[in-house]
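A note on names: the letters A, B, ... follow the listed sequences, proteins ahead of strands, and every chain is numbered from 1.
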2 protein chains.
Amino acid sequence: MAYRLDEQIGYILRLANQRHGLIFNKHSELGLTPTQFAALVRIGEMGACSQNLLGRRTAMDVATIKGVVTRLKAKGFIQLSPDPGDKRRTVVSLSAQGQEVIDQLHAFGEKVTEETLSPLNEPERKVFLDMLKRLT
Amino acid sequence: MAYRLDEQIGYILRLANQRHGLIFNKHSELGLTPTQFAALVRIGEMGACSQNLLGRRTAMDVATIKGVVTRLKAKGFIQLSPDPGDKRRTVVSLSAQGQEVIDQLHAFGEKVTEETLSPLNEPERKVFLDMLKRLT
DNA sequence: GGTTATTCATTTGTATACTAATAAACAACC
DNA sequence: GGTTGTTTATTAGTATACAAATGAATAACC
């Protein structure tokens with residue numbers, strides 16, 4: 001059987017990611033990227049935490065989370081403060097503005113998820129997500 | 001139902017992509033990235049074509065394919081030549097070295113695909129790939 | 001208590017990925 | 001045949017993503 005790029009999981013994953021990004025950007029109101037969105041939602045879930053821990057919990061390495069935090073701070077959604085008990089750490093937490101948009105983010109995220117999964121019906125979505133999770 | 005980042009298709013797709021990238025790099029012998037690999041395999045499938053067309057056939061915009069072509073050329077896998085019939089175009093084609101590694105690339109790609117899909121059994125892989133393709 | 005190892009954050013460098021703007025060449029059309 | 005519109009390629013700017021190196025602070029351990 002000949003090797004066909006269009007049948008390879010890596011290539012198709014990249015295409016699916018691209019499509020998701022397009023859908024995300026089309027609906028985006030707050031000017032957030034998918035990555036910034038993920039970090040912000042995660043802080044909402046976790047509460048305040050160190051910058052590196054936030055990176056680990058959102059699957060971003062230290063260099064990536066650094067940039068994401070910088071931009072979320074510049075946009076006013078988070079605030080940074082020194083950790084009283086550990087001088088190495090920078091504590092990341094939601095700003096008042098960040099708190100205010102969390103519900104909006106969730107509604108937005110649900111819309112993006114819905115449209116991204118729209119080619120699949122309900123039982124298919126469950127099967128698909130279960131299998132996709134096993135590939136992480 | 002509360003919104004949970006870990007259940008969102010966009011976030012899980014990103015994680016799956018990351019894992020695939022790690023597997024790809026672990027096995028990579030020729031120093032290619034997944035994107036460079038895709039472009040090179042595609043040229044092998046299509047034969048010579050313009051730089052922009054190659055980008056379209058590998059889902060890369062003009063800026064991205066430009067960089068990929070530059071690096072594939074620097075690594076000696078492709079060659080560039082002017083299009084005799086269209087002065088705008090740059091024709092991209094495999095170099096002798098590129099021709100030589102195509103079979104190796106296919107074997108490598110199959111190994112990466114196999115390991116990436118290893119958490120799924122054979123019938124699951126088929127179902128999964130079919131559904132994933134519908135999300136592109 | 002002092003050595004060793006680990007963790008945290010930053011920085012540098014390389015590689016996608018997309019937008020937008022530009023210039024040159026080509027195509028369509030009246 | 002000249003205007004209009006499209007295509008091709010380049011460039012600049014922003015944002016992930018990862019590797020690797022660094023310095024500061026903390027933890028582990030004998």
Please state how far atom [atom1] in [X] lies from atom [atom2] in [N], giving the value in whole angstrom units.
X	N	atom1	atom2	value
B/N17	C/dA15	CG	P	19 Å
A/Y11	C/dA17	OH	P	11 Å
B/R88	C/dA24	CZ	P	14 Å
A/F24	D/dT16	CZ	C1'	13 Å
B/R19	D/dC18	CZ	P	14 Å
A/R56	C/dA9	CZ	P	8 Å
B/K73	D/dT10	NZ	P	13 Å
A/D61	D/dA21	CG	P	15 Å

Does [X] make a side-chain N or O approach to OP1 or OP2 of [N] shorter than 4.0 Å?
X	N	answer
B/R14	D/dA17	yes
A/S50	C/dA9	yes
A/K66	C/dA9	no
A/T90	C/dC8	no
B/Q18	D/dT16	no

- Task: Could you check B/Q36 against B/V62 and say which one's nearest nucleotide on DNA chain C is further toward the 5' end?
- Result: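 Of the two residues, B/Q36 wins.
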- Query: Hey, which of these two, A/G67 or B/L53, hits DNA chain D nearer its 5' end, going by closest nucleotide?
  - Reply: B/L53
- Whichever of A/G85 and A/R71 has its nearest DNA chain D nucleotide further upstream toward 5': A/R71
- Query: How are the rings of B/F37 and B/F24 set to each other: parallel, tilted or perpendicular (split at 30° and 60°)?
  - Reply: perpendicular
Select base, sugar-phosphate, or nothing to describe what [X] touches, counting heavy atoms under 4.0 Å on all strands.
X	value
B/T33	sugar-phosphate
A/T35	sugar-phosphate
A/D86	sugar-phosphate

- B/T70 and B/K73, any side-chain heavy atoms less than 4.5 Å apart: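 Not touching, per the 4.5 Å side-chain cut-off.
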- Task: Evaluate the side-chain proximity of B/L135 to B/M131: yes if any heavy-atom separation is below 4.5 Å, no if none is.
- Result: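 A side-chain contact is absent here, since even the closest heavy-atom pair is not under 4.5 Å.
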Identify whether the distance between the nearest side-chain nitrogen and carboxylate oxygen of [X] and [Y] falls below 4.0 Å.
X	Y	result
A/D83	A/K87	no
B/E114	B/R125	yes
A/D86	A/R88	yes

- Query: Ignoring hydrogens and angles, does a donor from either the side chain of B/R89 or the base of D/dT8 sit under 3.5 Å from an acceptor on the other?
  - Reply: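 It does not, because no donor-acceptor pair links the side chain of B/R89 to the base of D/dT8 below 3.5 Å.
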- Task: Counting heavy atoms from C-beta on, name the nucleotide in C/dA17, D/dT26, D/dT8 closest to the side chain of B/T64.
- Result: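 That would be C/dA17.
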